[in-house]
Each structure stands twice: as structure tokens, then as C-alpha cells.
Amino acid sequence: MKVIIVGGVAGGATAAARIRRLDEQAEIVVFERSGYVSYANCGLPYYIGGVIEDGEELTLQTPESFWERFRVDMRVHHEVTAIHPQEKTVSVRNLDTGEEFEASYDKLLLSPGARPTQPPLPGMDMERLFTLRTVEDTFRIKNYIDEKHPKSAVLAGGGFIGLELAENLRRLGLEVTIVQKPKQLMNPFDPDMAALLHAEVRRHGVKLALGHLVEGFAERDGGVDVLLEDAAPLHADMVVLAIGVTPDSHLAREVGLELGVKGSILVNDRMETSAPDIYAVGDAVQVKHFVTGQGAVIALAGPANKQGRIAADNICGGDSRYHGSQGSSVIQVFDLTAAATGLNENAAKQAGIDADKVILSPMSHAGYYPGGKVMTMKVVFERGTGRLLGAQIVGYEGVDKRIDVLATSLRAGLSGVELKELDLAYAPPYSSAKDPVNMAGFMIENLMQGLVKQYGLEELAALPRDGSVTLLDVRTPEEYAQGHIPGFVNIPVDALRDRLGEIAPGKPVYVMCQSGLRSYLACRILNAHGYDCFNFAGGYRYYETVTQDRRLIEQAFSCGMDRR
């Protein structure tokens, strides 16, 4: 059996190694158009910033090492230019010599990945304009910085690459501005959770120009003007396009393979395309979203590796299945860690799901043990059924392990309430006896059972201030004096039972505290005395962060630049 694989890196290299482990006699040829067959593309920004000092550390395997261990013929600087399914051949060009030739296959695996999205804008061919997707891209940026010593950079796009690059360029001392059309960074997060990330990048000197559409680029004064649709240009010494990636599916389109969302290659759960003996994996393919069952493109290394293994199994006569992606991810944002899995609240509602959420601010470990830090968790579930839909966490230590527990729970089909039953490891330096994941389960259970009703930020502004409802802040007088929402009166929770006479009977009571815990306790007290009570999801700390972020974005939008 002869197998040709188009593209290495995650999916293709994984498949090649797996095929060899399953079939010692197979002839395996990988055509990779770049100069690297297996590299850590997630580490590229950290080489630019000097965290990874040796560029060779980015290369996981070379053509020589792959041959020595797996007897796989890895051919770099070879581009497949056409597929001929009837003849079971591909056309190949050697990019070093210009030679063109045909290669036959019994099985063909497409792992072309995705390419940086590059809209047809004026100035796209400028020397100071960069993309970051390959090792070659990385070296080009690193060499430019080392040789030209730029003082400033504009990053068009605020996803994973944009944020990681922003941090590393700041580490090198550059002034950094992120500009993009959406009014939030990091699409996997809801806007309220993204507000925590915005505050962190601002704190480290990154300027945000959110809500602005880039129209093109122009040279000026030895640098680049980033032209905006509705504001003055942003000027910098260099620009990096990080506005996302597009499935690299042109070969599949040209040969007539069925395509899916965003022009991705349509595959079944065996990673088979619409043509016999042609498989596809990685960032170029459409997968099933594990939560919604709908088609999705999820460009992450974990799914690509798993798909490569599954395709290899099936190429070798097995019957492995890919059951979908849920988009589990984690990113370091300066001192913060941010992680997500499954659907966020917005995505759930767009999918037609009646979604609810709990927002909590637990400590990373036992409060009495030194060094604990607050994290903010948002767990999304289906109203009525309690079905777990997704989660987002922003914090410091312990974020990654909590998102992994939630990702595993989602994959296992646990409900939100069942999170309370998880038997998780506890010792004071690592967690609390009631882990934050357990706490989310308790909160969901309380909502499902009707022990508490809650209201959210989107409902806060609409609350009447005419006396028809009671607005109650149950923090301490000192906390209240440091900042509170107009119209909310202060009665500390520990004094509430003695001051019930100050709360008018028969009126709904909307309660708030710093994080949501004391206001929940207040609601239980008030419910027991006949009041109809609602607890604010997230607390004042959450409210203050989100509303401050919204103000800054609107101010920046009006003047074309976030100068904080």
C-alpha cells in the first residue's frame, strides 16, 4: 500500500507515524510545501519574544529523524498542485528546483491546514506587513525585529496568535496596538469574560482599538499607516495580520470534493472525503461540534492530532470514528490564564438553545492557605434540562485543571447539577474541600430547584428606580463606600435579619454583593421571610470590570484609539 500525505505538522505527521506503527510494509510519502514537517506552531510567538531561545526547539521532527525512526519519506519544499482521483495520482512541484512530476497513491490524506486570512486590501505586499503561521514566518518577523529594531507594532486581530504575539512584543519593549472589527478579543469567550482579558492587556500597556474595520495599509514616514474605515489611521513600524485563518482547501475545491462551512473540506466521522480513498484532517476540514451537532471549523492542534490518528487507523483497514470537537483551549495572557470549552453563552443562544449560566469567583485553593488567587468562572447550561453546554474561566493558578475537569464532564455527558458529585482531589495548597467545579454544580442545582432566582448584567439597567422594587447591596459599609451602583441601598448581610423592617414587604428584592455568595445568603434569608428575591450573577467585582471595559471601548471607538 502506498500512502501520500499532503502536509505535515500536526495531522499529517501524526497520521504518518501511526500508519507506520500499524503497517510496517506501507510506503508513506509526505509532501510539505514549507521547509518543516513537524513543528510546534503554538510556540512560534514565544520564540519571537525570546522565551524559547533556540529556534531548533520549535522543530519536533526533521525529514531525517522521521526517516530514521519511521521510514517515512518526508519531502519538504514540495507542493502538491493537483489531485487526479480517477488516475489516483497527484501533481507535485519541487519548489527548490522547479521540477514537476506525478506521484501515484493507493490512499491519499489531505492535511493542508489553514492559511492566515488575507483580505484583498491595498498595501498587502508591503515589506513591513507580516503574517505568523509557519516557522518561516517566525524567522522573518524575528530577523526583522533584530535587524530593524522597530519601536511599535499594530496587530490586526485579537485571537490566540494576536494575544500571544502582543505579550511577546511587549516583552521586547515594543509599543503594541491591537485593532479589529469585533468589540472583544478572543471569540471563544463571551464579551463579559473577555472584559477581564481586556483589563489585563491594558494593564500591561497594550492599546486596544476595538470595533474598527481595517481598510488597507500605506507607507508613511518610514513606517506603516493602518487605514481604518471610521477613524484616523494607526501608525507603527510594523504590522502583523492575525485576523484568523481560512481552511486551505483549494486542492479539494479544484478536484470537486464536497465542501462545508467556510469552504472547509467535508468529511465523515471516519475522516473520509466525498471521493474514494481520499481522507482529510486538521484545520482544513469541517467537523461536528460535539455540543450542537452542527458543522464547525475548529483550528486547534489537539483535534488535528486525533483526526490524524483516526484517519491512519481507517487507511490501514480499521474503523475509528471522530465524534466531534468541543473547542477546549487555554491561553496565557500576561499574568492571567484564560480557558474555555464547549459553547459560550452567545454561541448557545445562536444555536437556538435556551441557555442559562452561573458566574462565580472562587479562590484557586483553600482561602486559609497563603497565596490563593481569585478566578472567575462562567458555566453555561441548558435551562430546564440542566445539560452542560460549556465553560469559561479567567484567573491565575488552577484555571487549566478546572477547565479540563469541565471539558471531561462535557464529553462524558454529565449535567450541570452532576458537577457537584465529582470526587476531586483536595489539599489546601491545591484546592478547597468544595472545589470550584463542585461549587458551580451546587449553584446550578439551586437554580434548577428554584432555591434561588438570579438576574444578570443585561437586566440590571432595566430595573426600575421608582420604588416599585428594592435594590439591595449586602456588602460591608466599607465596600459599599468604595463603589456601588446608584439606587442600591446598603444593608450588610450579617445585619439583615435585624433590619428586615427597612425592606418594604410585597416588593421584589434585587440583591448584590461582591462575588454573589453573600447575596445568595441574603436571598435565602429574605425568601424565608416571604420576600421575592433575585441574586445578581457575578457580583459587584464582575459588574465593575465589565462596565468599565464597555466604557473604555466606546470611548476608544469615538476617538479611534484606546489610549489607556
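For the single chain, residues carry numbers from 1 onward in sequence order.
Side-chain atoms of Asn168 and Tyr47 include no donor-acceptor pair closer than 3.5 Å. No donor-acceptor contact under 3.5 angstrom links the side chains of His484 and Asp473, judged on distance only. Between the side chains of Gln332 and Glu164, not a single donor N or O lies within less than 3.5 Å of an accepting N or O. Between the side chains of Thr341 and Gln326, at least one donor N or O sits under 3.5 Å from an acceptor N or O. Side-chain contact, Ser34 with Thr134: no donor N or O sits under 3.5 Å from an acceptor N or O. Residues Tyr426 and Asp435 have side chains that never bring a donor and an acceptor to within less than 3.5 angstrom of each other. A donor-acceptor contact closer than 3.5 angstrom is absent between the side chains of Arg541 and Gln514.
By the neighbour-count criterion of 12 heavy atoms within 6.0 Å, atom CD of Glu53 is sparsely surrounded, having that number or fewer from other residues, nucleotides or ligands. In Arg550, the CZ atom is not crowded: 12 or fewer heavy atoms of neighbouring residues, nucleotides or ligands sit closer than 6.0 Å. Around atom CD of Glu175, no more than 12 heavy atoms belonging to other residues, nucleotides or ligands sit under 6.0 Å away. Around CZ of Phe442, the count of heavy atoms belonging to other residues, nucleotides or ligands within 6.0 Å exceeds 12. Heavy atoms from other residues, nucleotides or ligands lying under 6.0 Å from CG of Asp354 number more than 12.
Atom CG of Leu388 is separated from atom CG of Leu406 by 6.5 Å, given to the nearest 0.5 angstrom. For the atom pair CG (Leu360) and CD1 (Ile393), the distance works out to 8.5 Å, reported to the nearest 0.5 Å. In this structure, Glu458 CD and Glu345 CD are separated by 6.5 Å, a value rounded to the nearest 0.5 Å. The distance from the CD atom of Gln482 to the CZ atom of Arg475 is 8.0 Å, given to the nearest 0.5 Å. In this structure, OG1 on Thr62 lies 11.0 Å from OH on Tyr36, to the nearest 0.5 angstrom. In this structure, CG in Asn535 is found 7.5 Å from CE in Met443, a value given to the nearest 0.5 Å.
The distance between the ring centers of His204 and Phe334 falls below 6.0 angstrom. Taking the six-membered ring for Trp, Tyr480 and Phe488 have ring centres at least 6.0 Å apart.
The closest donor-acceptor contact from the side chain of Glu32 to the backbone of Val37 lies at 3.5 Å or more, if one exists at all. At distances below 3.5 Å, at least one donor-acceptor pair connects side-chain atoms of Glu479 with backbone N or O atoms of Thr476. Side-chain atoms of Thr14 do not come within 3.5 Å of backbone N or O of Gly11 as any donor-acceptor pair. The main-chain N or O of Pro188 is found under 3.5 Å from a side-chain atom of Asn344 such that the two form a donor-acceptor pair. When atom types are taken as modelled, the side chain of Arg402 and the backbone of Ser364 share a donor-acceptor pair closer than 3.5 angstrom. Between the side chain of His198 and the backbone N or O of Leu185, at least one donor-acceptor pair lies under 3.5 Å. In this structure a side-chain-to-backbone donor-acceptor pair under 3.5 Å is present from Asn143 to Phe139. Side chain of His365 to backbone of Pro429: a donor-acceptor contact under 3.5 angstrom is found. Judged by distance alone, with hydrogens and angles left aside, the side-chain atoms of Gln184 form no donor-acceptor pair with the main-chain N or O of Ala194 at under 3.5 Å. Glu382 places no side-chain N or O within 3.5 Å of a backbone atom of Ala355 that could act as its donor or acceptor partner.
Of all heavy-atom pairs spanning Ala280 and Ile265, the tightest one is CB-CG2, 3.9 Å.
Ring geometry for Phe536 versus Tyr543: interplanar angle over 60°, hence perpendicular rather than tilted (30 to 60°).
Annotation: side chain of Lys378 is in contact with side chain of Asp190 (closest heavy-atom distance under 4.5 Å). Annotation: side chain of Val176 is not in contact with side chain of Ser152 (no heavy-atom distance under 4.5 Å). Side-chain contact between Pro362 and Met377: present, with at least one pair of heavy atoms (C-beta onward) separated by less than 4.5 Å. Taking 4.5 Å as the limit, some side-chain heavy atom of Leu169 sits within range of a side-chain heavy atom of Ile145. Looking only at side-chain heavy atoms (C-beta outward), Pro247 and Val297 come within less than 4.5 Å of each other. With contacts defined as side-chain heavy-atom distances shorter than 4.5 Å, the pair Val399/Gln392 does not qualify. Using a 4.5 Å heavy-atom threshold, the side chains of Asp335 and Arg203 count as touching. With a 4.5 Å cut-off on side-chain heavy atoms, Ser415 and Arg387 do not count as touching.
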Before you tell me yes or no, could you show the steps for Val380 and Leu343 under side-chain contact (heavy atoms from CB on, under 4.5 Å), namely the whole-Å CA-CA distance, both residues' side-chain angles and the distance that decides it to 0.1 Å? CA-CA 8 Å; Val380 184; Leu343 299 178; 5.8 Å; no
Passes side-chain contact (heavy atoms from CB on, under 4.5 Å), Leu44 versus Val135? Steps please. CA-CA 7 Å; Leu44 301 183; Val135 175; 4.3 Å; yes
Criterion side-chain contact (heavy atoms from CB on, under 4.5 Å) on Thr337 and Ile331, from CA distance to verdict: CA-CA 6 Å; Thr337 298; Ile331 184 174; over 6 Å; no
Under the side-chain contact (heavy atoms from CB on, under 4.5 Å) rule, what do His289 and Ile298 come out as? Steps first, then yes or no, please. CA-CA 9 Å; His289 196 288; Ile298 298 178; 4.1 Å; yes
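Under the side chain to side chain contact (heavy atoms under 4.5 Å, CB included) test applied with Phe130, the options Leu155, Ile141, Asp137 reduce to a single match, Ile141. A ring-ring contact (aromatic ring centres under 6.0 Å, His included) with Phe534 is found for exactly one of Tyr455, Tyr520, Tyr510, namely Tyr510. Between Leu241 and the options Ile161, Leu132, Thr131, a side chain to side chain contact (heavy atoms under 4.5 Å, CB included) holds for only Thr131.
In this structure, Lys373 forms a cation-pi arrangement with Tyr396, its terminal cationic atom sitting closer than 6.0 Å to the ring centre and no more than 45° off the ring axis.
Salt-bridge check for Arg133 with Asp283: passed, with a basic side-chain N closer than 4.0 Å to an acidic carboxylate O. We find that Glu136 and Arg140 are not joined by a salt bridge, their nearest charged nitrogen and carboxylate oxygen being 4.0 Å or further apart. Between Asp248 and Arg115 a salt bridge is recorded (basic side-chain N to carboxylate O distance below 4.0 Å).
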